[in-house]
Amino acid sequence: MQAVILCGGLGTRLKKIYKNKPKALIKFNKIPNLNKIINDLFEQGFTKVLLLTSYKHEEILNSIKKNKFYKKIKIIRDSTYFGTGGAIAGAKNFLNHNFLVILGDLFISFDYKKFFLESIKKNYKSNIVVHPNSHPFDSDTVSYDS
């Protein structure tokens with residue numbers, strides 16, 4: 001099982017609070033969120049984790065080096081910053097046929113393995129997890145109908 005973590009965003013909305021810290025390295029319970037995601041993935045049975053970085057690449061790299069799973073992680077730097085789609089397209093030679101994409105600033109307790117395996121079992125071409133929020137004006141939104 002392979003997971004791709006996008007952690008190259010500029011963090012423009014959080015800069016007021018966290019200055020120049022990458023969003024993925026904001027700490028919750030004294031651990032950078034990116035490390036929590038990585039730990040959750042490996043503990044749930046994922047065998048490959050690919051980090052796609054750009055902004056503050058070195059800072060992210062230095063944080064990940066302290067992770068117990070560091071040697072199992074492949075890191076690709078998008079030096080031209082093509083955004084989410086461009087980063088994934090640029091990593092196509094490293095992607096399995098089926099892979100899970102996670103945003104590196106996602107703070108959630110989630111059964112990634114169950115979601116991933118269920119998506120494969122049902123032969124979905126793609127699958128997405130969304131949740132309601134009270135601030136759609138400053139966050140990404142998804143529109144849907146019945």
Rounded to the nearest 0.5 Å, how far does [atom2] of [Y] lie from [atom1] of [X]?
| X | Y | atom1 | atom2 | value |
| --- | --- | --- | --- | --- |
| Ser63 | Leu34 | OG | CG | 6.5 Å |
| Lys72 | Ile38 | NZ | CD1 | 12.5 Å |
| Tyr124 | Phe115 | OH | CZ | 9.0 Å |
| Asn33 | Leu103 | CG | CG | 11.0 Å |
| Ile75 | Phe94 | CD1 | CZ | 12.0 Å |
| Leu50 | Ile73 | CG | CD1 | 10.0 Å |

Aromatic ring pairing Phe107/Phe28, orientation class (parallel under 30°, perpendicular over 60°, tilted between): parallel
Evaluation steps, side-chain contact (heavy atoms from CB on, under 4.5 Å), between Ser109 and Lys36: CA-CA 10 Å; Ser109 292; Lys36 180 199 178 300; 4.2 Å; yes
Heavy-atom pair with the smallest gap, counting every atom of [X] and [Y]:
| X | Y | value |
| --- | --- | --- |
| Phe99 | Val4 | CD1-CG2, 3.8 Å |
| Leu106 | Tyr112 | CD2-OH, 4.4 Å |
| Leu117 | Met1 | CD2-SD, 3.8 Å |
| Val129 | Phe110 | CG2-CZ, 3.6 Å |
| Lys48 | Asn96 | NZ-OD1, 3.4 Å |
| Ile60 | Cys7 | CD1-O, 2.9 Å |

Would you indicate whether the side-chain heavy atoms of [Y] and [X] approach each other to under 4.5 Å?
| X | Y | value |
| --- | --- | --- |
| Leu41 | Ile102 | yes |
| Ile64 | Phe69 | no |
| Leu95 | Gln2 | yes |
| Ile88 | Val101 | yes |

Residue pair Tyr70, Leu61: steps toward the side-chain contact (heavy atoms from CB on, under 4.5 Å) verdict: CA-CA 10 Å; Tyr70 171 68; Leu61 182 61; 4.0 Å; yes
Any donor-acceptor pair under 3.5 Å from [X] side chain to [Y] backbone:
| X | Y | value |
| --- | --- | --- |
| Asn35 | Ile31 | no |
| Lys121 | Phe116 | no |
| Glu118 | Lys113 | no |

Path from Val49 to Ile120 over hydrophobic side-chain contacts below 4.5 Å: yes
Glu59 and Leu25: CA distance, side-chain angles, deciding distance, side-chain contact (heavy atoms from CB on, under 4.5 Å) verdict: CA-CA 9 Å; Glu59 195 172 335; Leu25 298 185; 3.8 Å; yes
Cationic N near anionic O, under 4.0 Å, Lys68 to Glu43: yes
